[in-house]
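What follows is a set of notes on a single structure, which appears directly below.
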Amino acid sequence: HISFLEDDVFRSIASMFMKLGISTTGRSMLKSLNAKSLDVKGAQAEVLQGILSYARDTAYGLEHGFRTIDSSHAYQQRVPINSYEDLRPSVSRHAGGETDVLFPGKPMFYATTSGTTDEPKLIPITRKYHDECYNGLTKLSLYTMFKDIPDFMDARHLTMVEHAVA
């Protein structure tokens, strides 16, 4: 049994360690984001090349020649604008267990939307996306919150987590 005083002390210590960990990575992420915001075209080109390199050996990457795309103009020429419905067969292949369709490997899990169509949309969440977007943006977001509102984690809070699909 933990008393309220012990609970408050534990929460304060936990908050201190969380702030330290988040500040260490968040500070460098914010610095990088600010630097990249000074060269938006360069940052976009870097992201595009990263995506092309990541997915070059997938069915979609091979179909559209990702290995030889070297500019945003070349990308626009080779890769059509797609709706979700255009990609649904590829997502279904992934969901059926096939690897390397739209991205390397298989997704960690699928997010679903209720949307306005009859069939829900499965949004594949890859390890890369999870690490860069969920984890990365969460750290950056928490860092800016700690910076702007230093005591926001000093009170009780609720965290919700969803299980990954095996």
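For clarity, every value in this text was computed on a predicted model and none was experimentally measured.
- Between K106 and D100, no side-chain nitrogen of the basic residue sits less than 4.0 Å from a carboxylate oxygen of the acidic one, so the salt-bridge criterion is not met.
- M29 and L137 make their closest contact through CE-N, 4.5 Å (heavy atoms, listed as atom of the first residue, atom of the second, distance).
- No donor-acceptor pair under 3.5 Å is formed between the side chain of H73 and the backbone N or O of Q77.
- A salt bridge links E119 and R88; the closest N-O separation between the charged side-chain nitrogens and carboxylate oxygens is under 4.0 Å.
- Note that K128 lies outside the cation-pi zone of F103, set by a 6.0 Å cut-off to the ring centre and a 45° limit from the axis.
- The side-chain contact (heavy atoms from CB on, under 4.5 Å) search around V79 returns Y60, H64, F66, I69, Y75, not counting sequence neighbours.
- Rounding to the nearest 0.5 Å gives a distance of 11.5 Å between CG of L140 and SG of C133.
- In this structure, CG on L87 lies 11.5 Å from CZ on R93, to the nearest 0.5 angstrom.
- Y84 contributes a side-chain N or O that, together with a main-chain N or O of L122, makes up a donor-acceptor pair within less than 3.5 Å.
- P124 pairs with exactly one of Y110, F109, Y129 by the side chain to side chain contact (heavy atoms under 4.5 Å, CB included) rule, that one being Y110.
- Residues R78 and G65 approach most closely at NH1-O, 3.2 Å, considering heavy atoms.
- Linking Ile, Leu, Val, Met, Phe, Trp and Tyr whenever their side-chain heavy atoms come within less than 4.5 Å leaves V47 and Y54 in two separate clusters.
- With hydrogens and angles ignored, the 3.5 Å screen pairs a side-chain donor or acceptor of S37 with a backbone N or O of N34.
- Annotation: side chain of L30 is not in contact with side chain of S32 (no heavy-atom distance under 4.5 Å).
- Under the side-chain contact (heavy atoms from CB on, under 4.5 Å) criterion, S90 pairs with V101, L102, not counting sequence neighbours.
- Between D70 and Q49, the shortest heavy-atom contact is C-NE2, 3.7 Å.
- Between L52 and R56 the shortest side-chain heavy-atom distance does not fall below 4.5 Å.
- Taken from CD in E46 to NZ in K36, the straight-line distance is 4.0 Å, to the nearest 0.5 Å.
- In this structure, L62 CG and D57 CG are separated by 6.0 Å, a value rounded to the nearest 0.5 Å.
- Both I149 and L142 are part of a single hydrophobic cluster, where members link through side-chain heavy atoms under 4.5 Å apart.
- Side-chain atoms of R127 never come within 3.5 Å of backbone atoms of P107 as a donor-acceptor pair (strictly under, hydrogens ignored).
- Between the NE2 atom of H94 and the OG1 atom of T99 there is a distance of 7.5 Å, given to the nearest 0.5 Å.
- S53 places no side-chain N or O within donor-acceptor distance of the main-chain N or O of G50, the cut-off being under 3.5 Å.
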